[in-house]
Amino acid sequence: MTSVRDLASAVASTGTAEPAYRVDVRAGAHGFVADEPATAGGGDEGPTPLGLMVSALAACTAMTLRMYAARKDWGPMTIDVTSRYNVDEAGAETIERTITLSPGLSAAERQRLAEVAERTPVTLAIRGGTPITTTVRPRTA
């Protein structure tokens, strides 16, 4: 039998009030709101689900690169990660990630960080098409 480790979990709950698509999210001890923009019928009170996904990718990338650079004793640095979810005219979906690093790193160090970015946990989960199992059950009183 395979052992399962819960590395992360979240609960999202909707109410019946407006705005129609607002969702209260709990991820561990942290609470925040997700929503759709007003142009899509939401209240624009938080990031969209796709916005949360690319935020997770950017955050994971920045954290992982900082951990790696610290282990290599490359000194303090600023790491900015921008990620965008794009859909072209043909409907092809891509994620574009741009990593901006503090000056002073060698070309070899920048290349190594680029390689590390390709193996962050969220990158691997997205690229690997992590299987999702779904259970639907009635709410109990």
Side-chain angles (χ1 to χ4, degrees), residues 1-140:
M1 180 172 207
T2 303
S3 174
V4 175
R5 289 188 311 152
D6 181 1
L7 297 180
S9 62
V11 176
S13 302
T14 65
T16 57
E18 295 295 324
Y21 302 121
R22 177 195 161 105
V23 176
D24 295 309
V25 181
R26 297 280 322 154
H30 308 284
F32 54 95
V33 172
D35 201 354
E36 289 291 333
T39 56
D44 200 22
E45 294 185 9
T48 66
L50 287 174
L52 291 170
M53 182 181 72
V54 295
S55 296
L57 177 65
C60 184
T61 301
M63 288 177 194
T64 302
L65 296 185
R66 178 171 300 275
M67 286 178 209
Y68 185 86
R71 278 197 309 254
K72 293 295 183 177
D73 201 22
W74 289 349
M77 71 173 70
T78 299
I79 302 167
D80 297 318
V81 181
T82 302
S83 56
R84 298 179 192 279
Y85 186 87
N86 301 312
V87 180
D88 69 15
E89 302 81 31
E93 301 163 319
T94 59
I95 297 174
E96 175 185 339
R97 173 174 53 191
T98 303
I99 302 167
T100 305
L101 303 167
S102 295
L105 292 173
S106 70
E109 290 167 335
R110 286 192 310 273
Q111 177 59 38
R112 183 65 187 131
L113 289 173
E115 293 166 0
V116 170
E118 295 303 317
R119 294 189 317 279
T120 70
V122 174
T123 300
L124 295 175
I126 291 170
R127 283 208 175 115
T130 303
I132 299 171
T133 59
T134 302
T135 303
V136 179
R137 64 182 184 206
R139 180 179 291 273
T140 58

Inset, instruction - Report yes if some heavy atom in the side chain of Val54 is under 4.5 Å from a heavy atom in the side chain of Pro47; otherwise report no. - result: no
Legend entry - Leu113 side, atom CG; Arg66 side, atom CZ - distance, nearest 0.5 Å: 11.5 Å
Legend entry - CZ on Phe32 to CG on Leu52, rounded to 0.5 Å: 5.5 Å
Inset, instruction - Give a yes or no on whether the backbone of Gly43 and the side-chain of Arg22 come within a donor-acceptor separation of less than 3.5 Å. - result: no
Legend entry - Side-chain donor/acceptor of Asp35 to backbone N/O of Gly42, under 3.5 Å: no
Legend entry - Side-chain heavy-atom pair Ile79, Thr100 within 4.5 angstrom cut-off: no
Inset, instruction - Inspect the contact between Arg112 and Glu109 and indicate whether a charged nitrogen and a carboxylate oxygen are less than 4.0 angstrom apart. - result: no
Legend entry - Shortest non-hydrogen contact between Met77 and Leu105, atoms and distance: CE-CD2, 3.7 Å
Legend entry - Point-to-point distance, once rounded to the nearest 0.5 Å, from OG1 of Thr120 to CG of Leu65: 8.0 Å
Side-chain donor-acceptor pairs under 3.5 Å in residues 56-63, sequence neighbours left out?
| unit_1 | atom_1 | unit_2 | atom_2 | d |
| --- | --- | --- | --- | --- |
| Thr61 | OG1 | Leu57 | O | 2.7 |
| Thr61 | OG1 | Arg97 | NH1 | 2.9 |

Legend entry - N/O donor-acceptor pair under 3.5 Å between Ser55 side chain and Gly51 backbone: yes
Legend entry - Asp44 side chain vs Pro37 backbone, donor-acceptor pair below 3.5 Å: no
Inset, instruction - May I ask you to decide if Ser9's main-chain N or O and Arg26's side chain share a donor-acceptor pair within less than 3.5 Å? - result: no
Legend entry - Side-chain touch Met53/Ile126, heavy atoms, less than 4.5 angstrom: yes
Legend entry - Rounded distance [0.5 Å steps], OG1 in Thr82 versus CD in Glu96: 9.0 Å
